[in-house]
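Beneath this line is the structure, given in structure tokens, with notes to follow.
Chain letters run A, B, ... following the sequence lines, proteins first, then strands; residues in each count from 1. It should be emphasised that the depicted structure is a prediction, and the values quoted were computed from it without experimental measurement. Any value given below was found using the heavy atoms of this structure, including those in side chains, with hydrogens, waters and symmetry copies removed.
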Amino acid sequence: MTFLTGWGRTAPTPAQVVRPRTTEELAKLLADRPRRGLIARGLGRSYGDAAQNAGGVVVDCADLDLGWSLDQESGTVTASAGTSLHDLMSALVPRGWFVPVTPGTRYVTVGGAVAADIHGKNHHVDSSFGAHVTSLTLATADGSIRVLTPGDRLFWATVGGMGLTGVILSATFTCVPVETSRFKVDVEQARNLDHVIELMAEGDHRYRYTVAWIDLLATGAHTGRAVLTRGNHALREDVRSAAPLAYAPRPLLTTPPWVPNGLLNRWTLRAFNEAWYHKSPRVRRGVIQSLTTFFHPLDGVRDWNRLYGSRGLLQYQFAVPDEGLETLRRIVARLSAHGVASFLTVLKRFGPGTPGHLSFPMPGWTLALDIPAGVPGLDRLLTLFDEWVAAAGGRLYLAKDSRMSAETLRATYPRLGEWREIRSSVDPDGVFRSDLARRLGL
Amino acid sequence: MKNALGAVDSVLLLGGRSEIGLAVVELLVKRGARRIVLAVRGETDAPDLKALGAEVHVVDFDAARPESHGDVVRTAVDLVGDLDVVISAFGVLGDQAVYERDPVSAAHAVAVNFGGQVSVCLHVAERLREQRHGTLIVLSSVAGVRVRKANYVYGSTKAGLDGFAQGLGDALHGSGANVMVVRPGFVRGRMTAGMPPAPMATTPGEVAAAVVAGLREGKETVWAPAVLAPVFALMRVLPRAVWRRMPR
């Protein structure tokens with residue numbers, strides 16, 4: 001048994017971790033019907049307990065490497081579930097292709113990207129990962145391997161289904177052609193939350209990738225001040241380089257194994273936020289940035305989650321529809337008044353969602369914040385936000401969640417009943433189980 | 001499952017009439033617990049947990065019949081699935097003078113307070129070991145930390161229970177499940193009605209608050225109030241000649 005946690009390093013539970021090398025080995029595991037079920041795990045970037053299974057089996061898909069292939073003509077990629085977006089990008093970008101969606105880290109697997117129906121800075125234009133998937137292979141509870149396409153109900157129960165319909169073996173998806181590995185970026189400061197909302201609502205359509213970093217520790221007239229970063233793939237003529245498609249990322253720093261609790265507190269973060277806000281230009285257009293600087297600045301620090309100390313961190317990410325903008329304002333005002341120290345608070349506009357029953361994104365807005373788990377009063381504050389978000393017709397992201405209640409889930413995912421029906425038809429005995437599923441009664 | 005902030009979903013209370021046990025359950029329900037099993041002999045006088053949003057099951061439980069304890073735990077699991085928290089809170093205080101006059105009643109108190117606890121906690125531990133998560137909260141007492149002449153029958157049952165619970169906690173270490181030993185001081189309530197309160201007396205509500213805070217922090221031992229930890233560190237090393245002069 002090995003103790004596992006998510007990226008937030010909270011609520012560890014032991015499980016038997018197995019690494020099947022072939023689909024036959026996986027089929028044998030399923031045929032054994034482990035008493036406490038089985039769940040697949042990729043690179044463990046879900047913040048909460050999605051890839052934990054107390055007393056049961058956790059299938060680490062890293063060795064189940066069936067490789068990947070690219071059709072250079074169409075940009076169609078078929079990759080095994082254990083392939084990381086890091087490996088894919090390293091191979092695809094020099095060939096002139098870019099993954100359809102990347103989250104804030106490259107260290108996620110294709111299987112995880114499908115199971116969480118991940119989104120990135122381009123959601124308002126390109127939707128989430130599942131929207132680009134044209135077919136999936138899934139090992140189901142009966143031991144069979146099914147090929148699914150967007151016409152199948154099981155396809156959409158699997159996209160965003162948090163691994164509870166089966167073990168995803170591979171996915172085929174369409175990539176985006178690029179002329180360079182760089183991005184042409186506009187950076188501007190917004191003096192408060194209303195200002196950043198206005199800038200995003202009015203200008204986001206001109207950019208494929210947009211995100212706003214919010215300073216939650218600013219108060220008064222500056223509440224919700226932000227640095228808005230928006231960009232597009234740089235074209236060949238934008239880049240003065242002999243190798244416009246060159247891309248070789250590497251981590252620069254490693255977090256020491258032991259960090260005192262409370263290192264990231266209100267005061268250190270206020271200093272950081274102050275510096276971050278003021279070092280950014282008021283307005284600067286056409287900056288050429290590398291892929292890593294633009295998308296994955298945190299990947300430059302290996303194991304940055306350890307900065308939060310032994311108590312770990314949690315991420316609170318909610319989405320609200322456009323009509324729920326007032327809820328977003330109330331939450332930011334309350335967080336700011338409460339002085340909750342959040343290192344990275346990110347605001348983003350969402351475009352259309354996918355038909356995934358448990359897929360998170362919905363047209364509107366999403367706010368994500370990282371919070372040290374030891375902050376006093378956090379439970380009560382976030383439970384209050386849950387109620388506000390539910391009342392606004394919004395929801396929380398399962399891949400980030402480590403604390404919501406089963407009631408909140410039921411109130412905010414209207415298609416949960418339909419998903420359960422499909423799931424029980426393919427997995428009547430509940431072979432696929434995770435701590436997240438137990439906690440939320442999924 | 002326990003969430004990232006220490007809130008739990010399912011709770012089994014062994015001793016459904018224990019004031020401290022019910023106070024802990026009520027507080028856990030207020031913090032999000034939704035599936036509750038009260039194991040009790042006869043009627044429970046539980047607060048209205050349903051009004052707080054919880055689903056409540058009542059299971060017949062006789063601490064003095066260890067042969068039935070396995071079924072009690074199995075029934076609870078059938079009703080609510082994995083047990084996130086189990087509170088073993090039953091016990092009788094009794095009267096030292098009566099125990100001295102009627103040794104059979106003393107033996108009965110030992111069978112409930114110690115024998116019954118050992119039996120049911122072993123069944124709970126087996127389940128927690130299988131599910132690889134969950135916390136067993138055992139209500140010990142400062143009376144068992146150093147036994148006094150004024151209540152040495154009750155005190156010795158708690159001393160036995162405390163030692164058992166610590167050993168069980170160590171046996172479960174590394175399994176994902178754990179044991180929390182709770183050592184309250186004098187608790188004002190039904191059990192102590194009519195007795196003059198000892199110094200540093202507390203209430204069931206205060207003990208519950210300390211237990212729930214300890215649960216969130218993953219503590220192995222909770223003293224209620226917390227000041228009893230240093231106080232009893234001192235009490236334990238008092239010379240016997242001084243200790244036996246303790247008035248009560």
Side-chain angles (χ1 to χ4, degrees), chain A residues 1-16 35-37 47-49 52-57 310-316 371-383 386 400-408 410 430 433-442, chain B residues 1-11 27-36 49-55 74 76-86 124-136 171-178 209 212-219:
Chain A
M1 291 273 170
T2 311
F3 277 85
L4 297 172
T5 69
W7 191 244
R9 303 174 73 228
T10 53
T13 56
Q16 186 196 344
R35 258 159 68 87
R36 299 213 15 113
Y47 277 68
D49 44 10
Q52 292 171 228
N53 183 14
V57 174
S310 63
R311 283 185 184 152
L313 78 151
L314 53 91
Q315 184 163 87
Y316 190 73
I371 318 168
V375 169
L378 194 57
D379 196 9
R380 213 162 290 180
L381 188 69
L382 297 182
T383 304
D386 291 352
K400 304 283 181 71
D401 177 62
S402 58
R403 50 146 297 277
M404 81 161 124
S405 68
E407 288 149 46
T408 303
R410 278 196 299 275
R433 258 179 280 167
S434 62
D435 286 357
L436 176 95
R438 282 191 193 94
R439 182 166 58 81
L440 295 176
L442 271 170
Chain B
M1 291 299 300
K2 194 173 180 178
N3 77 12
L5 297 176
V8 297
D9 185 34
S10 60
V11 182
L27 200 51
L28 289 174
V29 169
K30 284 181 178 160
R31 301 278 162 85
R34 284 297 169 265
R35 291 172 297 147
I36 310 300
L49 300 169
K50 283 182 191 143
L52 294 170
E55 134 200 348
R74 272 187 292 277
V77 171
D78 288 345
L79 288 166
V80 298
D82 281 7
L83 305 171
D84 296 347
V85 170
V86 179
V124 169
E126 185 192 0
R127 173 64 203 180
L128 298 191
R129 203 178 266 127
E130 185 193 334
Q131 66 187 34
R132 294 266 172 182
H133 70 101
T135 302
L136 169 61
L172 284 174
H173 185 78
S175 71
N178 63 314
V212 172
L215 197 57
R216 194 169 49 232
E217 291 157 27
K219 282 195 178 168

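Expressed to the nearest 0.5 Å, how far CG of D82(B) lies from CZ of R36(A) amounts to 4.0 Å. Between the CZ atom of R403(A) and the NZ atom of K2(B) there is a distance of 16.0 Å, given to the nearest 0.5 Å. Going from atom CG of D49(A) over to atom NE2 of H133(B) covers 10.5 Å, rounded to the nearest 0.5 Å.
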Evaluate the criterion side-chain contact (heavy atoms from CB on, under 4.5 Å) for residue pair Q131(B) and R438(A); output intermediate values, then yes/no.
CA-CA 11 Å; Q131(B) 66 187 34; R438(A) 282 191 193 94; over 6 Å; no
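For chain B, the option among L313(A), D435(A), L314(A), T383(A) with the highest count of heavy-atom pairs below 4.5 Å is D435(A). Interface check for chain A: of the options G218(B), G32(B), G174(B), G53(B), the most heavy-atom pairs under 4.5 Å are formed by G174(B).
Contact of the R132(B) side chain with the Q16(A) side chain is not registered, since no non-hydrogen atoms from C-beta on lie closer than 4.5 Å.
Proximity to chain A is limited to the side chain of R34(B), based on heavy atoms less than 4.5 angstrom apart. At a 4.5 Å heavy-atom cutoff, the contact between R35(A) and chain B is made by side-chain atoms alone. Of the two parts of R9(A), neither the backbone nor the side chain holds a non-hydrogen atom closer than 4.5 Å to a non-hydrogen atom of chain B.
Pairing each heavy atom of A54(A) with each of M1(B), the nearest pair is CB-CE, 4.3 Å. For the residue pair S402(A) and N3(B), the shortest heavy atom distance occurs at O-CB, 3.2 Å. When all heavy atoms are compared, the tightest approach of A373(A) to L5(B) is O-CD2, 3.5 Å. Looking at every heavy atom in both residues, S175(B) comes nearest to P14(A) through O-CG, 3.3 Å.
At most 12 non-hydrogen atoms from other residues, nucleotides or ligands lie less than 6.0 angstrom from CD of E126(B).
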